[in-house]
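As the structure lists them, so they are numbered: ligands from 1, and atoms in each ligand from 1.
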Amino acid sequence: MRGHSLKEDLLDLLYPRRCPVCHGIAPRDRRICGECRKKLPVITSARCRKCGKPVADRQVLCSDCMQVRHLYTQGAGIFRYDDVMRSTVAYFKYKGRQEYGETLGKLMLESSRDLLALWKPDALIPVPVHAARLAERGYNQAELLAAPLSEGSGIPLVRDLLLREERTKAQKKLGAEDRRRNLSGAFRCARGKAVPGRILLIDDIYTTGSTVDACAGTLLKAGALQVFFLTLCIGGENTAEN
Ligand SMILES: [Zn+2]
Ligand SMILES: [Zn+2]
């Protein structure tokens with residue numbers, strides 16, 4: 001951990017950091033309360049070999065991955081998308097708590113060192129949001145998670161390659177099949193930009209994988225060799241409703 005500068009001390013006093021779990025003021029020098037940290041739903045069970053969803057012991061693929069041929073190579077979510085994470089993500093995305101991105105991104109980094117060593121990505125690419133939603137929210141949550149991951153790992157963050165094309169319907173209420181249809185043509189690569197060989201997509205939640213696949217398809221077509229993903233949360237099996 002690096003030491004605190006005077007500027008940081010002053011900022012801490014003026015704008016105390018809130019804990020992303022209880023939303024109260026976090027203890028100084030910490031971004032999350034000790035007790036709240038213990039409530040984070042770390043995945044300890046076996047994981048699907050493709051998407052990393054928690055599965056029963058000895059199960060190789062989750063039921064989703066047995067049905068769908070994903071375009072990405074492999075991926076994982078750090079935490080289970082349970083009630084604690086649901087609330088954390090809701091504050092982070094919809095209640096303006098963009099400060100949570102740094103805390104959560106650092107937690108993602110702590111838990112993904114082995115995966116980063118395995119995948120060896122050349123670049124981190126946050127899943128882009130629609131321009132309209134960006135204007136509404138003021139930030140892209142995936143980019144806020146990716147920034148501390150990039151800083152801590154030294155893997156470059158590439159923001160200007162993958163672009164969101166058109167305003168698609170909110171995915172939330174759609175089933176798996178409709179999600180895929182809704183996203184076809186939703187992303188494109190910026191012209192004239194170099195496309196890294198091994199790409200790690202960063203997002204907040206993985207549910208059916210339709211968003212990650214749409215991004216991966218676009219990047220692979222543009223010349224990427226392999227696309228991986230890392231998300232803050234991941235649903236259980238058959239969680240299309242998340
Ligand atoms: Zn707390
Ligand atoms: Zn899976």
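The pair R17-E99 fails the salt-bridge criterion, with no side-chain N (NZ, NE, NH1 or NH2) lying under 4.0 Å from an Asp/Glu carboxylate O. We find that K106 and E110 are not joined by a salt bridge, their nearest charged nitrogen and carboxylate oxygen being 4.0 Å or further apart.
Looking at R97, its side chain never comes within 3.5 Å of a backbone N or O of T88 through a donor-acceptor pair.
With the Zn ion (ligand 1) as vertex, C19 SG and C22 SG subtend 110°, rounded to 10°.
Among I205, L107, V89, the one residue that satisfies the side chain to side chain contact (heavy atoms under 4.5 Å, CB included) test with L232 is V89. Of the candidates L162, T231, T211, L162 is the only one forming a side chain to side chain contact (heavy atoms under 4.5 Å, CB included) with L201.
At a cut-off of 2.8 Å, measuring from the Zn ion (ligand 2), the protein N, O or S atoms that fall short of it are C48 SG, C51 SG, C62 SG, C65 SG, waters left aside.
In this structure, Y72 and F229 have perpendicular ring planes: the angle between them is above 60°, well past the 30° mark.
For residue H23, no N/O/S atom approaches the Zn ion (ligand 1) to within less than 2.8 Å.
Residues I32 and I25 do not share a hydrophobic cluster, defined by chaining ILVMFWY side chains whose heavy atoms lie under 4.5 Å apart.
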